[in-house]
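Reading through the structure tokens given below for one structure.
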There are 2 protein chains.
Amino acid sequence: MKTRSKDTRSHILEVGRSLTARQGYVGVGLSELLKAADVPKGSFYHYFRSKEDYGCALLEDFVAQYQQSLADTLGNKELPARNRFLGYFEGWLEKQIGPSLQDRCLVVKLSAEVAELSPDMSRILQEGVNSILSSLTETLEQGISDGSIAPLDDPHSLAQSIYYQWLGASLVAGLSHDDAPLKATMEATREAVPAP
Amino acid sequence: MKTRSKDTRSHILEVGRSLTARQGYVGVGLSELLKAADVPKGSFYHYFRSKEDYGCALLEDFVAQYQQSLADTLGNKELPARNRFLGYFEGWLEKQIGPSLQDRCLVVKLSAEVAELSPDMSRILQEGVNSILSSLTETLEQGISDGSIAPLDDPHSLAQSIYYQWLGASLVAGLSHDDAPLKATMEATREAVPAP
DNA sequence: ATAGCCGCTAGACGACTGGTCTAATCGTAC
DNA sequence: GTACGATTAGACCAGTCGTCTAGCGGCTAT
């Protein structure tokens with residue numbers, strides 16, 4: 001085994017992520033995964049208890065990284081909160097357009113598949129969603145405070161509406177490999193978050 | 001073979017629908033499907049050229065039925081258009097709550113899975129989405145005409161926003177088996193479609 | 001009636017992949 | 001060089017999709 005920058009476990013998860021972002025969870029078999037990662041099949045059960053255990057690790061990894069990038073984007077206190085909020089969705093738009101399926105949102109890709117398959121994986125995604133919604137709500141509140149967003153009745157409801165809309169738009173955009181639904185949603189988002 | 005109310009092909013599709021609504025497309029193997037349908041394996045390839053051909057038939061069937069029920073709900077000219085519009089989403093809410101996964105929306109369940117798997121299946125779902133969006137837009141326009149909905153800048157954008165929001169909310173609701181996201185979306189929908 | 005026909009069924013079979021496990025090997029520390 | 005944990009090879013079998021042949025059973029035409 002050649003030396004690898006990261007340890008084998010992380011390496012498997014990294015390769016798994018890019019494969020899974022394209023083909024789904026069930027759609028990536030262990031053989032394919034391990035071949036792509038250049039890890040012998042026998043090693044798998046040294047690093048993970050089962051495929052589901054691996055799936056959970058994959059999602060935990062994803063959620064953790066996502067939260068980090070969320071903190072970077074939404075937490076940058078230099079910008080007015082409204083810009084940070086819109087910037088988050090601009091980033092989403094760009095990721096979905098780019099050809100690197102690698103970075104696509106696993107909530108969109110895996111939620112439906114995992115829902116009736118693995119309670120553990122569902123829970124991890126669920127918690128990721130909640131944490132994103134909290135961050136978005138908080139940013140809206142900051143925007144009201146800093147004056148970049150006009151006062152709102154219920155920031156949490158708005159954050160929820162917008163986030164769900166992006167999930168749905170991504171689903172449809174994936175079907176047609178066309179970013180029009182996302183661009184329309186970007187426009188709708190701008191209008192839904194009024195500057196004062 | 002006992003007499004069956006419908007022909008075998010339709011029967012396979014019907015059983016396939018309920019299995020697929022729960023387990024996804026890849027998640028239902030031919031053996032499981034045919035065993036559940038009590039149809040011998042040899043028959044499958046008499047009715048379908050391949051599993052993908054069956055998948056397309058499944059989706060075409062679903063889309064056709066969906067369009068029918070859409071016409072029934074949105075086309076009922078007795079009611080003001082706003083009531084018909086909101087009624088459609090109330091129906092969605094009820095279906096998702098009920099334990100009969102059978103009736104759940106296959107756009108939500110299969111879009112992500114099918115996107116990178118089968119262009120044909122993707123196209124059928126895509127066309128279903130477009131047709132739903134057209135019907136919703138049309139109903140909004142009728143509402144503006146009949147006075148049940150206050151004038152809107154762009155009915156199509158609004159229909160799109162609302163529909164995407166429901167897709168996303170359904171995805172998340174499935175994760176937690178909790179209808180809160182859908183109820184919140186129902187409320188948001190009511191507010192987004194203002195009576196004059 | 002009966003012969004012929006054909007839509008449909010039965011289910012074995014092949015080539016392959018799925019996730020899992022045990023037994024053996026490797027690498028390092030003493 | 002022995003001990004011992006970390007790592008791997010590859011067997012394992014249930015299950016995958018898809019194919020194929022044999023023949024049932026119910027029509028129709030004569």
Side-chain angles (χ1 to χ4, degrees), chain A residues 1-60 109-110 113-114 116-122 124, chain B residues 1-20 22-59 110 113-114 116-122:
Chain A
M1 180 69 49
K2 344 169 192 10
T3 53
R4 236 196 300 267
S5 45
K6 306 192 165 195
D7 64 306
T8 306
R9 190 188 146 97
S10 306
H11 178 66
I12 294 174
L13 290 176
E14 203 170 300
V15 174
R17 164 109 67 105
S18 75
L19 250 26
T20 302
R22 179 177 291 276
Q23 296 167 225
Y25 172 71
V26 178
V28 179
L30 260 24
S31 313
E32 181 181 8
L33 167 63
L34 295 166
K35 190 177 163 195
D38 192 28
V39 167
K41 187 163 184 185
S43 299
F44 186 83
Y45 284 85
H46 175 70
Y47 296 105
F48 304 101
R49 276 193 304 283
S50 65
K51 194 190 181 191
E52 187 177 2
D53 182 45
Y54 145 83
C56 289
L58 189 72
L59 293 184
E60 271 159 6
K109 185 69 191 180
L110 298 186
E113 190 180 352
V114 139
E116 307 291 317
L117 185 68
S118 162
D120 287 345
M121 291 176 71
S122 296
I124 295 165
Chain B
M1 181 68 50
K2 343 167 190 24
T3 52
R4 237 195 298 267
S5 46
K6 306 192 163 194
D7 65 305
T8 305
R9 189 187 146 98
S10 307
H11 177 67
I12 294 175
L13 290 175
E14 205 170 297
V15 173
R17 164 109 68 106
S18 73
L19 250 26
T20 301
R22 178 177 292 276
Q23 297 167 225
Y25 172 70
V26 178
V28 179
L30 258 26
S31 313
E32 181 182 7
L33 168 63
L34 294 167
K35 190 179 164 192
D38 192 29
V39 167
K41 185 154 187 192
S43 299
F44 185 84
Y45 286 87
H46 175 70
Y47 295 107
F48 305 101
R49 276 191 305 285
S50 64
K51 195 192 179 189
E52 186 176 4
D53 182 45
Y54 145 82
C56 289
L58 189 71
L59 292 185
L110 298 186
E113 191 179 350
V114 140
E116 307 291 317
L117 186 70
S118 161
D120 287 346
M121 290 175 73
S122 295

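In the text below, chain A, chain B and the rest are named by the order of the sequence lines, each starting its count at 1.
Among the nucleotides D:dT8, D:dG18, C:dA10, the one closest to the side chain of B:Ser50 is D:dG18. When distances run from any side-chain atom of B:Leu30 to the nucleotides D:dT8, D:dG18, C:dG19, the shortest one goes to D:dG18. Relative to the side chain of B:Ser43, the nucleotides C:dG19, C:dT9, D:dC17 differ in distance, and C:dT9 lies closest.
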- Task: Please step through side-chain contact (heavy atoms from CB on, under 4.5 Å) for the pair B:Cys56 and B:Leu59, ending with a clear verdict.
- Result: CA-CA 5 Å; B:Cys56 289; B:Leu59 292 185; 5.9 Å; no

- What do the steps show when you test A:Val114 against A:Ile124 for side-chain contact (heavy atoms from CB on, under 4.5 Å), and what is the final call? CA-CA 11 Å; A:Val114 139; A:Ile124 295 165; over 6 Å; no

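Base contact: B:Gly42 has a heavy atom under 4.0 Å from a base atom. At the heavy-atom level, A:Ser31 lies under 4.0 Å from the strands shown only through sugar-phosphate atoms. Here A:Phe44 lies out of heavy-atom contact (under 4.0 Å) with every strand.
Under 3.5 Å, the side chain of B:Lys41 and the base of D:dG18 form at least one donor-acceptor pair of N or O atoms.
The stretch residues 16-24 of chain A has no heavy atom under 4.0 angstrom from DNA chain C at all.
Side-chain contact between A:Lys109 and A:Thr20 is absent, with no heavy-atom pair separated by less than 4.5 Å.
Whole-Å rounding puts the B:Lys35 NZ to D:dT16 P distance at 10 Å. Residue A:Leu34 contributes atom CG, which lies 12 Å from atom C1' of D:dT8 at whole-angstrom precision. B:Glu52 has its CD atom 19 Å from the P atom of D:dT16, to the nearest Å. Rounding to whole angstrom units, OH of residue A:Tyr54 and C1' of C:dG18 are separated by 14 Å. Between B:Ile12 atom CD1 and C:dC8 atom P there is a gap of 11 Å when expressed in whole angstrom units.
Phosphate contact (OP1/OP2 of D:dG18, side-chain N/O of B:Tyr45, threshold under 4.0 Å): present. Side-chain N/O atoms of B:Tyr47 include none lying less than 4.0 angstrom from OP1 or OP2 on C:dG7. For A:Thr8 and D:dA6, the shortest distance from a side-chain N or O to OP1 or OP2 is not below 4.0 Å.
In terms of modelled atom types and a separation under 3.5 Å, the side chain of B:Lys41 and the main chain of B:Leu30 share no donor-acceptor contact. At distances below 3.5 Å, at least one donor-acceptor pair connects side-chain atoms of A:Glu113 with backbone N or O atoms of A:Val26.
For B:Arg22, the salt bridge (charged side-chain N to carboxylate O under 4.0 Å, His left out) test picks out A:Glu116, with sequence neighbours left out.
Relative ring orientation between A:Tyr54 and A:Phe48 is described as perpendicular, the plane-to-plane angle rising above 60° on a 0-90° scale split at 30° and 60°.
Residue whose closest nucleotide on DNA chain C sits further toward the 5' end, between B:His46 and A:Lys51: B:His46.
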